[in-house]
Amino acid sequence: SEYIPREDDVEGFFEGGVDVFEKAVQGLPVAIDDMFLYILRSTLHRELVMLPHFKLTPFVALTSLLIVVMPCIFRSLGGGSFLGETAVSSLVIVGMWPNIFIGIVTSNTFIVVAARDMWRRRAFMRSLSALLSFEPECRRNCPVEMLMLPVIDLSDPSSLEAWRKLRQLCQDWGRFFFFRIEAFATVFSCCTAAMLADLLALMNFPQYRDLVNLSLTDFCVTGLLCFAVLICLIALVTLGDEVNASAGKHVFLLACRRLQMIS
């Protein structure tokens, strides 16, 4: 399941982090589990600073509320009543708001959490790169706690094997939640595609258009959902591109370190 950091995590970071840092500086061996927890805590610490919850939660709620009342807004702009012409229609519209709002809030929250998960994975890969090289491009936008650590000694086979296992731990962390993100994104995209196909049918078949009564609200709601899918895809692709390319980058850094040792 998804883990949401709290302020206690930031305070507790230094309890185990200082021990790992002191061992690394003194050249003493550090357990893989301790090192992984050090990377995880540093990532969560940076996440709390860059992506605070108190800023994202109101944004998600207000965006969801706007989507819920958008059909009523466009109905009133077209000359109709905001809640319908009759008391029954007003009661039906208002009664549907809670269910629609809950569904939209959960969907938007899931999208935000998916972007957070991909951001964490990118931070993990950057932290692993920081353990291989002191080059500025390899340590760009890494957590501050990782920048304080020295690079690992690749001349020691046990250190190289430990780094490989550490990378595997970083890749496996939250894997099942990542599968849930992929499934949700697929279902959300399919539902949006179905709504877009229905809109195209309304535009091209007059009998269907007369039956359903096509309006500006249909175009706005469908366009808004398509825009949400597009934003979701752009965010995941932007954050996930570096994660997908991290394997090649790590191979390149390992090859450079190997050439430095044998030259």
Side-chain angles (χ1 to χ4, degrees), residues 1-56 112-154 156 158-178 181 235-236 238-247 249-250 252-254 257:
S1 61
E2 177 64 2
Y3 177 77
I4 299 178
R6 305 186 302 268
E7 294 295 336
D8 297 340
D9 299 319
V10 180
E11 297 176 358
F13 169 79
F14 298 99
E15 295 179 2
V18 172
D19 184 54
V20 172
F21 178 75
E22 290 179 351
K23 288 183 178 180
V25 171
Q26 296 174 9
L28 299 176
V30 179
I32 298 177
D33 293 343
D34 294 338
M35 191 64 203
F36 173 72
L37 290 177
Y38 184 88
I39 295 177
L40 177 59
R41 289 172 180 144
S42 63
T43 301
L44 296 179
H45 183 202
R46 183 176 176 84
E47 178 184 334
L48 283 174
V49 174
M50 297 186 61
L51 305 172
H53 299 291
F54 67 88
K55 290 184 178 180
L56 291 177
V112 172
V113 173
R116 281 179 175 270
D117 179 77
M118 192 62 68
W119 186 89
R120 293 172 186 174
R121 290 178 176 273
R122 185 179 67 173
F124 284 165
M125 296 300 106
R126 288 178 174 178
S127 299
L128 292 172
S129 299
L131 294 175
L132 297 177
S133 176
F134 282 118
E135 295 295 330
E137 59 271 13
C138 299
R139 296 181 161 237
R140 177 175 53 89
N141 295 329
C142 283
V144 178
E145 294 80 5
M146 294 303 302
L147 297 178
M148 297 187 299
L149 294 180
V151 296
I152 63 174
D153 182 14
L154 295 183
D156 183 14
S158 60
S159 297
L160 186 59
E161 179 66 17
W163 182 88
R164 186 189 68 82
K165 293 181 179 180
L166 181 62
R167 187 179 190 276
Q168 189 65 40
L169 279 175
C170 292
Q171 286 183 322
D172 290 341
W173 189 78
R175 170 172 292 186
F176 291 103
F177 182 77
F178 180 73
I181 293 173
L236 294 180
T238 302
L239 296 173
D241 181 64
E242 187 173 342
V243 177
N244 297 330
S246 62
K249 181 178 182 180
H250 291 160
F252 173 76
L253 292 175
L254 290 172
R257 291 288 303 275

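Worth saying up front: this structure is predicted, and the values here are computed from it rather than measured.
Applying the ring pair (Phe, Tyr, Trp, His ring centres under 6.0 Å) test to residues at least two apart or on different chains, none of the pairs has a partner in residues 125-146.
A 4.5 Å side-chain heavy-atom check between Val144 and His45 finds every atom pair outside the cut-off.
Note that the CG atom of Leu160 and the NZ atom of Lys165 stand 11.5 Å from one another [nearest 0.5 Å]. A distance of 12.5 Å separates CG of Leu166 from OH of Tyr38, quoted to the nearest 0.5 Å. The structure places CG of Leu169 at 10.5 Å from CZ of Arg164, a figure rounded to the nearest 0.5 Å. Put simply, CG on Asn141 and CG on Leu147 are 9.5 Å apart, with the number rounded to the nearest 0.5 Å. Rounded to the nearest 0.5 angstrom, Phe252 CZ and Lys249 NZ are separated by 10.0 Å. Separating the CZ atom in Arg46 from the CD atom in Glu145 is a distance of 9.5 Å, to the nearest 0.5 Å.
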Discussion item. Assess the residue pair Ser246 and Leu128 against the criterion (side-chain contact (heavy atoms from CB on, under 4.5 Å)); give the C-alpha distance rounded to whole Å, side-chain angles, the decisive distance to 0.1 Å, and a yes or no.
Written reply: CA-CA 9 Å; Ser246 62; Leu128 292 172; over 6 Å; no
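Arg126 places no side-chain N or O within donor-acceptor distance of the main-chain N or O of Cys142, the cut-off being under 3.5 Å. No donor-acceptor distance shorter than 3.5 angstrom exists from the side chain of Ser133 to the backbone of Ser129, with no hydrogens or angles considered.
Remark: Glu135 engages no residue in a salt bridge (Lys or Arg N to Asp or Glu O under 4.0 Å) (not counting sequence neighbours). For Thr43, the side chain to side chain contact (heavy atoms under 4.5 Å, CB included) criterion is met by Ile39, Trp119, Arg120, Ala123, Phe124, Pro143, not counting sequence neighbours.
Residues Ala130 and Arg139 come closest through the heavy atom pair O-NH2, 2.8 Å. Among all heavy-atom pairs drawn from His250 and Arg167, the shortest one is ND1-NE, 2.8 Å.
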